[in-house]
Amino acid sequence: MNRFAFLFFLLPTVAFAHEGVSVTHAWAPPSMAQTNGVGFLTLNASGDDALIGVESDCCKIIEMHEMTMKNDVMRMRRVEKIALPDHEDVKLKSGGYHLMLIGLKKPLEAGDKIPVTLNFEHAKPVDAVLQVKRRSSKPVAHHEHH
């Protein structure tokens with residue numbers, strides 16, 4: 001069994017992996033009639049790396065942003081890269097790092113699949129798909145496989 005097949009056996013939630021970078025939980029909420037959307041995912045690299053850009057035909061541009069809270073004021077700023085420490089999950093999620101899909105060609109609707117290409121400082125690009133789905137009102141159970 002090659003090492004990528006073994007990785008998929010151990011981590012069944014891995015949606016996409018290439019050259020030591022795995023992508024899980026890639027999704028986006030519906031955008032309604034808005035011209036911008038947001039994307040979330042979890043990244044894990046098998047060596048120190050960084051996400052340096054994201055591309056898709058779904059919109060004019062995708063920027064990486066970070067939300068922070070300082071003195072009870074929420075701020076959002078664009079970042080040039082997101083560090084991926086060796087073997088640590090880096091979650092792009094609401095209230096932290098996330099992808100801004102700017103200038104959507106059409107609103108995101110539940111059930112849509114948005115292809116994206118993730119570009120890294122060291123690893124080769126990884127193609128992934130953001131599944132458009134509604135935010136869950138219930139906590140999602142996390143299952144670990146041994």
ask   = Checking side chain to side chain contact (heavy atoms under 4.5 Å, CB included) for the pair I102/M100: CA distance, chi angles, key distance, verdict?
value = CA-CA 6 Å; I102 300 170; M100 286 298 304; 4.1 Å; yes
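No continuous path of hydrophobic side-chain contacts links I52 to V21 [ILVMFWY only; heavy atoms under 4.5 Å]. F120 and V79 fall within a single hydrophobic cluster, where Ile, Leu, Val, Met, Phe, Trp and Tyr are joined by side-chain heavy atoms under 4.5 Å apart, directly or via other members. In the hydrophobic clustering of ILVMFWY residues, with side-chain heavy atoms under 4.5 Å counting as a link, L104 and V132 come out together.
Screening M64, M76, K91, K93 for a side chain to side chain contact (heavy atoms under 4.5 Å, CB included) with H98, the sole residue that qualifies is M76. Exactly one residue among R77, R78, K81 makes a salt bridge (charged side-chain N to carboxylate O under 4.0 Å, His left out) with E66. That residue is R77.
Side-chain contact, S22 with N44: no donor N or O sits under 3.5 Å from an acceptor N or O.
With a 4.5 Å cut-off on side-chain heavy atoms, M67 and S94 do not count as touching. Counting only heavy atoms from C-beta outward, the side chains of P29 and K133 never approach each other to under 4.5 Å. Two residues are said to be in side-chain contact when any heavy atoms from C-beta on lie closer than 4.5 Å; V116 and L130 meet this criterion.
Using a 4.0 Å cut-off between a side-chain N of Lys or Arg and a carboxylate O of Asp or Glu, K105 and D57 do not qualify as a salt bridge.
G47 and D86 get closest at one heavy-atom pair: N-OD1, 3.2 Å.
At distances below 3.5 Å, not a single donor-acceptor pair connects side-chain atoms of D49 with backbone N or O atoms of P85.
More than 12 heavy atoms of other residues, nucleotides or ligands shown are found within 6.0 angstrom of NZ on K106.
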